[in-house]
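One structure is given here, and the rest of the page talks about it.
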2 protein chains.
Amino acid sequence: MGTTIQHSRVQQLLEAYFGQFEPELINKLAEHCIIRDFEADQQLMRPGQYFKSTMLIVEGAVKIYREDQDGNEFFMYQLGAGDACALSMICATRNEQSQISAKALEPSKALLVPIALMDELMTGYKTWYYFVLETYRSRFEELLEVVDNIAFKSMDERIEFYLKNQRKLSHSDELALTHQQIATDMNSSREVVSRLLKKMEQRGMVRLGRNTITVLF
Amino acid sequence: MGTTIQHSRVQQLLEAYFGQFEPELINKLAEHCIIRDFEADQQLMRPGQYFKSTMLIVEGAVKIYREDQDGNEFFMYQLGAGDACALSMICATRNEQSQISAKALEPSKALLVPIALMDELMTGYKTWYYFVLETYRSRFEELLEVVDNIAFKSMDERIEFYLKNQRKLSHSDELALTHQQIATDMNSSREVVSRLLKKMEQRGMVRLGRNTITVLF
DNA sequence: CCTGCTGTGTAACATTTGTCACAAACTTGC
DNA sequence: GCAAGTTTGTGACAAATGTTACACAGCAGG
C-alpha cells in the first residue's frame, strides 16, 4: 500500500474523530501515525507489556479491565471512537509496564502515535496537551466512580449501575449480555447475578430473556 | 510581609522539594505562587468545590479520600512534601468541580499555583509537563491498586495492606491508630476490624495496644 | 479516688455474597 | 427432531461481613 494512501486515510480518520485538533497537528499526526486493526476479542494490552506508542481509537469498542494473579477480571471502563487510551499514554511517556488489560469487544481500529513524538506534541500543540489532560481527567473520574461503586454499594446497586452504563454504551435498552459476562465483569459469580436480576425483574426493573436483558428503568 | 521575603521563601521551598524543576521554572513559579498553611484536620478540598489553583505540598501530610452522600468515607491515598494534588490539577485545568475530599493529617503547607499559569507552564517548561504527567501516572497507579484491593481481596488482606501502607508512610512499625480510624478509612465497622486484628495478633502478625498497633511482618 | 470518656473485646445474630448441585429451557448442528 | 452445548433458575448450604448489645480496661480531670 502506498504511503500517500495510508497518509490520507489517517488524515480522514483524524478529522472525523478528533476534529478538535488544529490542522497542523492533524498533519503532523498523519505523517507519523499508523493504523492498526484488531479483531473482536483480540487483546490490545496485557499486563507487563511495554508501549512504544499511544493509541487513539477510531472504530469499534475496547474494554479496559483489571486482572489479578488468579485470572479474575474486573471491568473498569470502555473506550470508543474518539477516545484515547490514557494508560497507554502514561506508560508510553514513562516507558513503564502496563498493569491493565484491554480487549476489543468488536472489530476495532486504532491510530498508533509513536511516543517519540510526545514531547513535540505536548509542547507544540495546545489542543494536544488539552486532549491528553482531558483524557486523564475523564478516566480518573471514571475510575473514581468505580471505586465508589465497589466501596459503598451493594451488589444489586452495582448491577443497576452496570446496566445503566451498558445501556449508555450500546445506545439501546436491549442488552445482549449473559449473566456470566456480567458476573465476570463484576468479579462475582453467575448465580449471584442471576438471583439479583430475577429480583429486579420481579420489581419490574428489567425483562429477562436468553442472552438479553431489557432495561426498563 | 514584604513580597521579596515571600518570594525567596517560596523559591527555597521549591528548590528543596521540587529540585527536578529547571531554574527558570522555579523562578517563574516563585513569582506567582503563594504559600498556604493548613492546620491539622483542616479540609483542603471538599466535594463540589472549584479550584483556582493547583497545590504543591511542601510540608505535612494530606489524606485524599472519597465521601458518599451518607457521609461514609473511603481512604484512597496520601500526599506528602514533594507531591502535587493531581485532582486539583485536573479540576483546575478544566474548571470542573472536585468530587473528592482532602484533609490535612498534621499541620501542612502547600504552594498554590494559579491555573492561569498552566498553559504557559505546560508548553514552556518540559520539567513541568513531565511532572504533571508523572503526578497523574502515579495517582492513577495508586487508584488502580485501591481498585484491586477492594475488587479482589478480602477484609483481612485489605487490613494487612493498609497497615503496610501506614508503616511506609509513618516510617515506623508503631502505628498510632484506633480501630475506628481504620474502619472509617476502609468503610467497614469497628467490630470487624477489631475481630480481624485480634486474629492477626494470634497469628503473631501484630501486637495490639491502646491507640497503637505494632506491625511485626 | 471517683467519674466519665474513649477505646477494645466478644458473643449472638442478621444479611449479603459465594459455592455446589442439579434441573430445565433454549439453541445449534446434524 | 435428536444430541450436545449453552444459558438460566433455584434450593441448600458455607463463609464473610455487618449489626446490636454489653462488659470492661485505661486514661484524664476534678
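Listed by chain and residue number, nothing satisfies the side chain to side chain donor-acceptor pair (under 3.5 Å) test with B:E106 (two or more places apart in sequence, or in another chain). The ring-ring contact (aromatic ring centres under 6.0 Å, His included) check on A:Y65 picks up nothing, with sequence neighbours excluded. Residues that satisfy the ring-ring contact (aromatic ring centres under 6.0 Å, His included) test with A:Y17, not counting sequence neighbours, are absent from this structure.
Of the residues in residues 154-165 of chain A, those placing a heavy atom less than 4.0 Å from an atom of DNA chain C are A:S154, A:M155, in numerical order. DNA chain C is contacted by B:R190, B:E191, B:R195, B:K198, B:G209 of residues 184-209 of chain B, taking any non-hydrogen atom closer than 4.0 Å.
When only modelled atom types and interatomic distance are considered, A:Q12 and A:R9 share a side-chain donor-acceptor pair under 3.5 Å. At a cut-off of 3.5 Å, with distance as the only test, a side-chain donor of B:E157 or B:S154 sits close to an acceptor on the other residue. Side chains of B:E67 and B:S101: a donor on one and an acceptor on the other come within 3.5 Å.
Remark: side-chain polar atoms of A:N187 are paired, donor with acceptor, to backbone N or O of B:A151 under 3.5 angstrom. Put simply, the side chain of A:S188 never gets that close to the backbone of A:A183: no donor and acceptor are under 3.5 Å apart. A donor-acceptor pair under 3.5 Å links the side-chain atoms of A:D68 to the main chain of A:D70, judged by distance alone.
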Ignoring hydrogens and angles, write down the donor-acceptor pairs under 3.5 Å from the side chains of residues 193-204 of chain B, residues two or more places apart or on other chains.
{"from": "B:S194", "atom 1": "OG", "to": "B:H179", "atom 2": "ND1", "distance (Å)": "2.8"}
{"from": "B:S194", "atom 1": "OG", "to": "B:R190", "atom 2": "O", "distance (Å)": "3.3"}
{"from": "B:S194", "atom 1": "OG", "to": "B:R190", "atom 2": "NH1", "distance (Å)": "3.1"}
{"from": "B:K198", "atom 1": "NZ", "to": "B:E201", "atom 2": "OE1", "distance (Å)": "2.8"}
{"from": "B:E201", "atom 1": "OE2", "to": "B:L208", "atom 2": "N", "distance (Å)": "3.1"}

Could you give the side-chain donor-acceptor pairs of residues 158-169 of chain B under 3.5 Å, partners two or more places apart or in another chain?
{"from": "B:R158", "atom 1": "NH2", "to": "B:M186", "atom 2": "O", "distance (Å)": "3.2"}
{"from": "B:Y162", "atom 1": "OH", "to": "B:D185", "atom 2": "OD2", "distance (Å)": "2.5"}
{"from": "B:R167", "atom 1": "NH1", "to": "B:F217", "atom 2": "O", "distance (Å)": "2.5"}

Return all side-chain donor-acceptor pairs below 3.5 angstrom for residues 142-149 of chain B, not counting sequence neighbours, or 'none' if the list is empty.
{"from": "B:E142", "atom 1": "OE1", "to": "B:R139", "atom 2": "NH1", "distance (Å)": "2.3"}
{"from": "B:D148", "atom 1": "OD1", "to": "A:R66", "atom 2": "NE", "distance (Å)": "2.7"}
{"from": "B:D148", "atom 1": "OD2", "to": "A:R66", "atom 2": "NE", "distance (Å)": "3.3"}
{"from": "B:D148", "atom 1": "OD2", "to": "A:R66", "atom 2": "NH2", "distance (Å)": "3.1"}
{"from": "B:N149", "atom 1": "ND2", "to": "B:E145", "atom 2": "O", "distance (Å)": "3.1"}

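If you measure from atom CG of B:N211 to atom C1' of D:dA28, you get 13 Å, rounded to the nearest angstrom.
Between A:M55 and A:R36 the shortest side-chain heavy-atom distance does not fall below 4.5 Å.
Every pair tested for salt bridge (charged side-chain N to carboxylate O under 4.0 Å, His left out) that includes a residue from residues 207-217 of chain B fails, sequence neighbours excluded, so the list is empty.
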I'd like a list of close polar pairs between nucleotides 2-6 of chain D and the protein, N/O only, cut-off under 3.5 Å.
{"from": "D:dT6", "atom 1": "O2", "to": "A:R210", "atom 2": "NH1", "distance (Å)": "3.4"}
{"from": "D:dT6", "atom 1": "O2", "to": "A:R210", "atom 2": "NH2", "distance (Å)": "2.7"}

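Over its length, the helix from C:dC1-D:dG30 to C:dC30-D:dG1 turns its helix axis by 30°, as judged from the five terminal pairs at each end, rounded to 10°.
First and last contacts of DNA chain C with chain A, using any nucleotide atom under 4.0 Å from a protein heavy atom and ordered 5' to 3', fall at C:dT17 to C:dT27.
Relative orientation of the B:F21 and B:F18 rings is parallel, given thresholds of 30° and 60° on the angle between their planes.
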